[in-house]
K.L.:
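My questions will all concern the structure given below.
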Number of protein chains: 2
Amino acid sequence: MVAIVQKLEKTRLSAEDWALAALDVIAEQGLAAVAVEPLARRLGVTKGSFYWHFPSREALLVAALERWEKTEQETVFGQLEAIPEPRARLRALFQLVAHELKPHVIYSELLKALDHPVVKPVLSRVSERRLDYLTASFRQAGLGRIDAQNRARLLYAAYVGFLQLSLQLGQPRLHHDEFDAYVNHVMTTLIPE
Amino acid sequence: MVAIVQKLEKTRLSAEDWALAALDVIAEQGLAAVAVEPLARRLGVTKGSFYWHFPSREALLVAALERWEKTEQETVFGQLEAIPEPRARLRALFQLVAHELKPHVIYSELLKALDHPVVKPVLSRVSERRLDYLTASFRQAGLGRIDAQNRARLLYAAYVGFLQLSLQLGQPRLHHDEFDAYVNHVMTTLIPE
DNA sequence: ACCTGAACACCGTTCAAGT
DNA sequence: ACCTGAACACCGTTCAAGT
């Protein structure tokens, strides 16, 4: 019963709390800003206590990113299953991923931090999954094996590259009109029919 | 005359030497690996001496990247001026930039380190220049203003995104055959005629 | 004009001791 | 079961002193 009271009052922290706080910081200020001491301050404890929950800063990052990976997967693919027509599904995926939900913000931050060894495997899995999905949809839409694969690469590269470009040029992404025009251009150019 | 002897013997270092060493480290191990102490060891001096040449690690990075920016600009655009036909020039640019010269390796490393404030302005200038060049070439090839701009964005995004994807998936880039097939796919899909 | 060596601040990590 | 507080290592930075 003591345990229940503690849960309700949130007097003590769990590993989950640290992971969620880390994700907030990533979304707000990037991966590099996830530092044990500031995080501890944010959570109202001393940095020493962090090491009861995690063996290292890196372990915290891994936990946080795995959590993100799971939710982003559910968000993105969950919404697509409802759409049977492959071309429509392709458009939906591109649109979904190109508008700024929170998972999308974190994806951007990870893109900027590919330098960090913890990031690469996560993005690798996420991209692989999306690429496979795109390839399958292009096949269903009638393309041959090789063409479907290359077209999938091109479409996904167009997405990642555009995001990257926005980050580089430092516009807070394009105006909505301009962005929509670009998305249309991409879809009419790359998605058959 | 003492000065001349010193130059010949290279007994002492210049800011240039530090910048070049930094670029080597970036190409080999990424931006994060540029640390004052290891660099000093590499150059056979103590880290204290670094601060005679630069006020900070950040200033070193700025100097190194500006040097890279200049040479990469000369390399890429220098070779294109010889090609008058816009479609051929577009293909040449894409090919040039997609094969792994040293500037290209550093570009990749910078892509991974967009997190760092020093990197963004450099990549911003480089990308802006390439985008403008692409847009102009598409116009010369007959596209209207808006279409040329969107097509340039798409082509450049296809390049950056593909690079990014290669970095993410951690293949040491695709097999040459597969890569060439992809490049062909992109060019036939995106470059008119 | 360039370099050394000692010092300091900051942050990740450890750990004995507290509740 | 979770947290504190003091300690240490590492690296960026400073600076007085050397050549």
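All values reported here derive from a predicted model rather than from experimental measurement. By convention in this document, chain letters (A, B, ...) are assigned in the order of the sequence lines, proteins followed by strands, and residues within each chain are numbered from 1.
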K.L.:
Whole angstroms only, please: what is the CG-P distance between A:Leu39 and C:dC11?
P.N.:
12 Å

K.L.:
Look at the aromatic rings of B:Phe77 and B:Tyr133 and report parallel, tilted or perpendicular, splitting at 30° and 60°.
P.N.:
perpendicular

K.L.:
Rounding to an integer number of Å, can you tell me how far B:Leu43 CG sits from C:dT4 P?
P.N.:
11 Å

K.L.:
Can you name the nearest heavy-atom pair linking B:Leu190 to B:Phe138, along with the distance?
P.N.:
O-CE2, 3.7 Å

K.L.:
Measure from CD on A:Glu37 to P on D:dC3 and round the result to the nearest Å.
P.N.:
16 Å

K.L.:
The side chain of B:Ser56 is closest to which nucleotide in this list: C:dA1, D:dT13, C:dG12?
P.N.:
D:dT13

K.L.:
Take the protein atom CH2 of B:Trp52 and the nucleotide atom P of C:dC2, then report the distance between them rounded to whole Å.
P.N.:
4 Å

K.L.:
Is there a donor-acceptor contact under 3.5 Å linking the side chains of A:Gln149 and A:Thr135?
P.N.:
no

K.L.:
Answer with base, sugar-phosphate or nothing: what part of the nucleic acid does B:Ser14 contact at a heavy-atom distance below 4.0 Å?
P.N.:
nothing

K.L.:
Could you give me the CA-CA distance, side-chain angles and deciding distance for A:Arg125 and A:Glu128, then say whether salt bridge (Lys or Arg N to Asp or Glu O under 4.0 Å) is met?
P.N.:
CA-CA 5 Å; A:Arg125 287 192 297 267; A:Glu128 200 102 57; over 6 Å; no

K.L.:
B:Phe54 has an atom CZ; how far is it from atom C1' of D:dT13, in whole Å?
P.N.:
15 Å

K.L.:
Take the protein atom OH of B:Tyr51 and the nucleotide atom P of C:dC3, then report the distance between them rounded to whole Å.
P.N.:
15 Å

K.L.:
The side chain of A:Arg12 lies closest to which of these nucleotides: D:dC2, D:dT4, C:dC2?
P.N.:
D:dC2

K.L.:
Within the structure, does a side-chain N or O atom of A:His53 lie under 4.0 Å from either OP1 or OP2 of D:dA1?
P.N.:
no

K.L.:
Once you round it to whole Å, what is the distance between C1' of D:dC11 and CG of B:Leu60?
P.N.:
15 Å

K.L.:
If we call it a pair only when both distances are under 3.5 Å in a Watson-Crick or G-U wobble match, what pairs with D:dA1?
P.N.:
C:dT19

K.L.:
Between D:dC15 atom C1' and B:Phe50 atom CZ, what is the distance in whole Å?
P.N.:
16 Å

K.L.:
In Å and rounded to the nearest 0.5 Å, what is the NE2 to CG distance from B:His116 to A:Asp115?
P.N.:
10.0 Å

K.L.:
What is the base-pairing partner of C:dT14, counting Watson-Crick and G-U wobble geometry with both distances under 3.5 Å?
P.N.:
D:dA6

K.L.:
Using the closest heavy atom to pick a nucleotide of DNA chain D for each, name whichever of B:Arg41 or A:Lys47 lands nearer the 5' end.
P.N.:
A:Lys47

